[in-house]
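Accompanying notes for the structure given below.
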Amino acid sequence: MVKIDSEQEILLLQAGQALARHDARTALTLLDRADAFGRTHNSLLNRSIAYRLLGDFTAAIGVLDQALELQPYDFMALLAKGAMIEKIAGAKAAIPVYRDALKIAPPRTHIPPTVTAQMDYAAHLVDTHANALRDFMQAEVAALKDGLDESVRDRFDESLEIYAGLKQPVKQQPLLLNYPRLPVIPFYDRTLFPWLAELEAATETIQAELEPLLEESFDAFTPYIAFPKGAPVNQWGELNHSRKWTSLFLWKNSEKQQAMCDRCPDTTRILESLPMAHQDGFSPTAVFSALQPRTHIPPHTGSSNVRLLAHLPLRLPGSARFRVGNTVRDWKMGQAWVFDDTIEHEAWNDADDVRVILIFDVWNPYLTEQEKLLITAMMKAQRAFMLG
């Protein structure tokens with residue numbers, strides 16, 4: 001058996017050398033002899049190259065399909081099959097195969113430069129196709145969108161970009177609790193939170209209490225990200241224990257920070273008048289969040305979809321953006337929003353000065369009062385069990 005394997009390996013090596021010389025017919029003869037010992041994945045890939053050199057793209061696809069039967073997640077075979085289909089039927093026909101290949105592509109550092117170039121070509125083709133498809137579909141439905149409510153238009157446009165392959169559907173990724181059957185909504189409709197107008201009207205009152213803190217007590221703002229030494233920081237490496245993103249808590253995990261609340265009596269009164277999410281030992285949390293100039297908060301998700309986060313901008317020295325799922329918004333002074341932080345989100349302060357917003361949590365409006373009590377009891381029970 002060892003001798004047979006050795007003879008086969010020698011024949012496959014010689015076939016590879018023939019392919020390197022672009023001598024496809026010699027390579028096929030050698031591969032036929034090697035296959036007499038048993039067809040292998042490697043021989044099928046080499047055979048596809050030989051057929052490609054001979055211009056027989058249909059035959060090349062046939063043996064690539066055989067190779068993919070042996071190893072369905074072979075990136076190289078899928079990429080090569082896409083190229084052959086493009087030769088025969090054009091770019092549109094090759095797009096699904098190219099897209100599948102890109103989904104399983106290994107890290108670029110593990111790919112030879114020649115293959116990287118092919119991968120980049122496929123990625124460009126897939127992206128160009130998706131953009132062209134989006135533009136075509138938008139043109140076809142344009143007349144039907146006249147007079148649509150803005151929220152409906154935004155939702156439809158997002159669906160169209162997902163359908164075209166430009167975006168992925170958003171999903172909830174809670175770190176702690178994923179409560180079932182709650183809607184996946186990046187930014188919630190304002191009409192579900194009638195108190196937002198009251199909060200927005202209080203912007204100047206809250207700003208008046210914030211400014212002295214920024215001027216006189218900015219050292220009291222502590223790094224928002226503070227992993228212990230040795231813990232995996234993942235995307236938080238740049239911000240871990242950094243003053244680029246700092247916070248000053250008024251409530252923290254349901255505990256009122258009395259000293260700070262005493263310094264912000266009007267802000268405290270306003271927050272206490274709002275329906276914050278009250279869960280003993282868990283929430284509410286209310287915090288002034290300060291982001292330094294030209295700083296980016298990387299994509300991340302929150303703990304549970306049973307509660308949502310409210311944002312009120314208080315200091316906007318310039319452009320500041322916020323993404324939740326596929327939706328990007330600019331903060332605007334005097335305008336608050338409520339969003340689901342279990343959907344991946346990130347933030348940018350593109351300005352040359354500090355950006356500050358007020359953040360606090362509220363219950364998800366699709367929960368009943370009984371569910372709120374049950375959820376809180378469940379979460380307390382889990383914590384007691386883990387500590388017991």
Side-chain angles (χ1 to χ4, degrees), residues 175-176 203-268 270-271 276 282-303 309-324 328-333 335-337 339 341-361:
L175 301 176
L176 180 63
T203 297
E204 292 185 2
T205 299
I206 300 173
Q207 287 173 325
E209 294 185 331
L210 170 67
E211 288 304 322
L213 297 174
L214 294 173
E215 295 296 326
E216 304 164 10
S217 305
F218 194 61
D219 287 346
F221 282 73
T222 57
Y224 194 87
I225 302 297
F227 286 100
K229 187 176 181 180
V233 296
N234 299 319
Q235 76 268 40
W236 299 113
E238 183 180 347
L239 292 180
N240 193 30
H241 295 284
S242 168
R243 294 197 60 79
K244 288 185 176 181
W245 185 20
T246 56
S247 54
L248 192 64
F249 288 89
L250 299 170
W251 272 264
K252 188 173 185 180
N253 299 329
S254 82
E255 296 294 327
K256 188 175 183 179
Q257 309 299 294
Q258 194 61 55
M260 195 51 58
C261 285
D262 288 343
R263 296 189 63 178
C264 305
D266 290 332
T267 301
T268 300
I270 292 163
L271 286 171
M276 293 194 293
F282 296 96
S283 64
T285 289
V287 59
F288 292 124
S289 174
L291 192 63
Q292 291 296 316
R294 308 295 174 184
T295 301
H296 171 224
I297 299 174
H300 62 287
T301 59
S303 61
L309 292 190
H311 278 181
L312 176 70
L314 298 171
R315 204 167 192 259
L316 293 176
S319 175
R321 296 170 288 139
F322 190 60
R323 177 184 71 83
V324 184
V328 179
R329 289 185 177 180
D330 292 323
W331 275 287
K332 295 179 181 178
M333 197 61 69
Q335 294 184 17
W337 59 50
F339 74 99
D341 77 327
T342 67
I343 296 171
E344 184 183 82
H345 56 286
E346 60 186 318
W348 298 262
N349 178 13
D350 300 319
D352 294 322
D353 204 347
V354 178
R355 178 231 70 182
V356 183
I357 59 174
L358 174 66
I359 305 174
F360 59 94
D361 43 12

Exactly one candidate in Glu255, Lys256, Lys252, Met276 meets side-chain contact (heavy atoms from CB on, under 4.5 Å) with Pro284; the answer is Met276

Show the numbers, then the answer: is there a side chain to side chain contact (heavy atoms under 4.5 Å, CB included) between Asn349 and Trp331? CA-CA 10 Å; Asn349 178 13; Trp331 275 287; over 6 Å; no

[X] side chain near [Y] side chain, heavy-atom distance below 4.5 Å:
{"X": "Phe218", "Y": "Thr246", "result": "yes"}
{"X": "Phe288", "Y": "Leu358", "result": "yes"}
{"X": "Ile297", "Y": "Tyr224", "result": "no"}
{"X": "Thr205", "Y": "Thr267", "result": "no"}
{"X": "Gln207", "Y": "Thr203", "result": "yes"}
{"X": "Phe221", "Y": "Leu214", "result": "yes"}
{"X": "Arg355", "Y": "Pro313", "result": "no"}

So which atom in Leu248 and which in Ala220 form the shortest heavy-atom distance, rounded to 0.1 Å? CD1-O, 3.3 Å

Please identify each residue that fulfils side chain to side chain donor-acceptor pair (under 3.5 Å) with Asp262, with sequence neighbours left out.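 Gln258.
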
Just by modelled atom types, is the Glu346 backbone N or O under 3.5 Å from a matching donor or acceptor in the His300 side chain?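 Looks like no, no N/O pair under 3.5 Å.
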
Judged by atom type as modelled, is there a donor-acceptor pair below 3.5 Å linking the side chain of Thr268 to the main-chain atoms of Cys261? yes

I need the Arg315 CZ to Leu210 CG distance, nearest 0.5 Å.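 Rounded to the nearest 0.5 Å, the CZ-CG separation comes to 7.5 Å.
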
So how far is it from Thr342 OG1 to Leu309 CG, rounded to the nearest 0.5 Å?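 Atom-to-atom, Thr342:OG1 and Leu309:CG are 9.5 Å apart.
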
Parallel, tilted or perpendicular: rings of His311 and Trp337 (30°, 60°):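 It falls in the tilted class, 30° to 60°.
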
Applying salt bridge (charged side-chain N to carboxylate O under 4.0 Å, His left out), name anything that partners Glu344, two or more places apart in sequence or on another chain. Arg323

